[in-house]
Amino acid sequence: MYKIVVTRKIPGIEQAEQILPRSWQLWVNPSEQPLTRSELIEQARDADAILVCDDRIGAGEMAELPNLKVLCNYGVGLDNLDLQAAAERGIAVRNLPDEVTYSTAELAVALMLACMRRLGEADRLVRSTNPFDWKPTIIIGRNLRRKTLGIIGFGRIGQKTAEIAKAFEMQVIYYNRTRKLEAEQRLGAEYCSLEELLQRADIVSLHVPGGPETRHLIGAEQIELMKPEAVLINVARGMVVDEQALTAALKSRRIAAAGLDVFEREPLVTEELTKLPNVILTPHIGVTTWETRWAMTAKALEKIHHELARLSQSD
Ligand code: NAP
């Protein structure tokens, strides 16, 4: 019999009894709030696996969880876990790289549409001026159709974004640290340098991972290369963009607009950004659709089940 701790209330956890053996014990945090460190340790002290929802689990926590065999992150990023400490203790670490791809790419395209059609401004106009003053020039936006989309980071989400963009007849160019010939051919995408991409794209969409290598990949110097009518989309990680430089560029209309799902000091969003009309802000909702959440929960439970069953066979 194994014990599994789920650190937050998650959609679809009711499926657990269809996936895990009935004899296994499941403890789910009943609150919408994250567990404190001491609550986590208390609940997981005798746990064999933890389904981790954004909690930080470092070497110190692992040292207090002697039974722990599996950590499964409820997402793709692993920046909240100390991977080296886990490896040293023989703890298997799993994540959900495939389940999150479609929804995150779809949000990138939703932000592109929202920026190009100025949906934030349109929504605020209707709420503030009722009846609204219709005229042929009211909130004139731009179509996505036939625009050049520059994708930075051509992995799972970047490629899915390109695939969806094709339905809008967009021309896709991309920059990645390694060239992706198969995807290039399959999606009709053109490889170019970061500088060329920034100069040519009508919309720049970021899909690289976070970390020291991509910190401020887009700063004042890179924004300076962009077209004045360009739009920047970030559904990757806040640290990839120098937010101060972006805020200044949006304020001075050096670029037209931005759609941001992630922020440098997340969950804090600067007051300056919230006051700008030409930015669409979403609270890190790349994967939060019912379909994706259910799929993530089922896959996380399957991975934990698989890993613990494998360990029990090798005992
Ligand atoms: P992925 O498949 O690993 O793709 C990342 C791509 O970025 C890879 O092709 C990688 O190149 C490239 N890359 C890495 N470092 C680079 C650099 N310094 N310069 C240029 N290219 C670089 O990851 P994914 O599943 O598409 O996810 C991308 C990111 O999206 C995640 O890491 C996460 O930060 C973010 N995300 C956000 C949400 C949300 O809710 N907003 C949800 C899911 C994911 P190689 O092929 O050479 O390694």
Side-chain angles (χ1 to χ4, degrees), residues 8 10-11 52-54 72-81 83 93-112 114 149-165 172-184 186-187 189 191-198 201 204-219 221-222 232-243 258-267 269 280-293 295-297 299-300:
R8 294 291 271 272
I10 52 175
V52 185
C53 309
D54 213 29
C72 183
N73 234 15
Y74 196 58
V76 63
L78 288 168
D79 19 352
N80 53 327
L81 305 179
L83 299 181
V93 175
R94 297 289 174 266
N95 65 342
L96 307 173
D98 299 319
E99 286 66 30
V100 302
T101 302
Y102 176 78
S103 287
T104 311
E106 191 183 73
L107 183 73
V109 177
L111 289 173
M112 288 176 208
L149 169 61
I151 296 187
I152 299 177
F154 211 48
R156 287 174 293 255
I157 298 171
Q159 289 176 28
K160 184 54 79 179
T161 304
E163 196 183 317
I164 301 172
V172 177
I173 58 178
Y174 80 96
Y175 165 71
N176 197 77
R177 65 180 171 188
T178 51
R179 200 165 162 181
K180 306 278 174 186
L181 284 170
E182 180 278 322
E184 229 173 85
R186 177 167 42 88
L187 298 164
Y191 179 73
C192 59
S193 69
L194 180 59
E195 291 70 27
E196 187 185 343
L197 180 145
L198 292 166
V204 173
S205 194
L206 302 174
H207 301 283
V208 287
E213 226 191 290
T214 55
R215 184 173 180 272
H216 289 189
L217 188 67
I218 303 299
E221 210 180 299
Q222 289 70 31
L232 180 72
I233 303 295
N234 189 6
V235 297
R237 282 291 180 264
M239 61 160 8
V240 177
V241 177
D242 177 344
E243 211 168 85
L260 307 175
D261 188 46
V262 287
F263 305 91
E264 247 195 300
R265 287 193 290 150
E266 206 172 305
V269 180
I280 301 274
L281 307 168
T282 53
H284 205 143
I285 56 167
V287 305
T288 50
T289 66
W290 286 112
E291 297 90 332
T292 297
R293 283 296 191 214
M296 288 170 73
T297 301
K299 183 56 81 176

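Atoms considered below: every heavy atom in the structure, side chains included; atoms not considered: hydrogens, waters and symmetry mates. Along the sequence shown, the residues carry numbers beginning at 1. Atoms within each ligand, like the ligands themselves, are counted from 1 in listed order.
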Student: Does any N or O atom in T214 lie less than 3.5 angstrom from one in ligand 1, N or O only?
Tutor: no
Student: Tell me the nearest of P209, G158, G75 to atom 7 (O) of ligand 1, using heavy-atom distances.
Tutor: P209
Student: Check contact between T101 and ligand 1, using heavy atoms of the residue and a distance below 4.0 angstrom.
Tutor: no
Student: Give a yes/no verdict on whether any heavy atom in K160 is under 4.0 Å from an atom of ligand 1.
Tutor: no
Student: Please write down residue, atom name and distance for the protein heavy atom closest to atom 10 (C) of ligand 1.
Tutor: N176 OD1, 3.7 Å
Student: Where's the contact between R177 and ligand 1, heavy-atom distance under 4.0 Å: side chain, backbone, both or neither?
Tutor: both
Student: What I want to know is whether V235 and ligand 1 share at least one N or O pair that is separated by under 3.5 angstrom.
Tutor: yes
Student: For atom 34 (O) of ligand 1, which of the options R237, E99, R179 provides the nearest non-hydrogen atom?
Tutor: R237
Student: Test of understanding: given a 4.0 Å heavy-atom threshold, classify the contact between I157 and ligand 1 as side chain, backbone, both, or neither.
Tutor: both
Student: For the 3.5 Å polar cut-off, considering only N or O atoms, please tell me whether D261 and ligand 1 meet it.
Tutor: yes
Student: Only one of L187, I151, I152 clears side-chain contact (heavy atoms from CB on, under 4.5 Å) with Y174; which?
Tutor: I151
Student: Judged on heavy-atom distance to atom 25 (O) of ligand 1, which of K180, H284, R156 sits nearest?
Tutor: R156
Student: For T289 and S103, test the side chains for any donor-to-acceptor distance below 3.5 angstrom and give the result as yes or no.
Tutor: yes
Student: With a 4.0 Å cut-off on N to O distance, would you call R237 and D79 a salt bridge?
Tutor: yes
Student: Regarding ligand 1, does T104 bring an N or O atom to under 3.5 Å of one of the ligand's N or O atoms?
Tutor: no
Student: Quick check on contacts: which atoms of ligand 1 are under 4.0 angstrom from a heavy atom of V287?
Tutor: 40 (O), 42 (C)
Student: Mark up the atoms of ligand 1 that fall under 4.0 Å of a heavy atom belonging to G153, in ascending order.
Tutor: 7 (O)
Student: May I ask you to identify, for F154, whether its side chain, its backbone, both or neither come under 4.0 Å of ligand 1 on a heavy-atom basis?
Tutor: backbone
Student: Please confirm whether A236 approaches ligand 1 to less than 4.0 Å, judged on its heavy atoms.
Tutor: yes
Student: Using a 3.5 Å distance criterion without hydrogens, assess whether the side chain of Y74 forms a donor-acceptor pair with backbone atoms of R293.
Tutor: yes
Student: Counting only nitrogen or oxygen atoms and a 3.5 angstrom limit, does V208 reach ligand 1?
Tutor: no
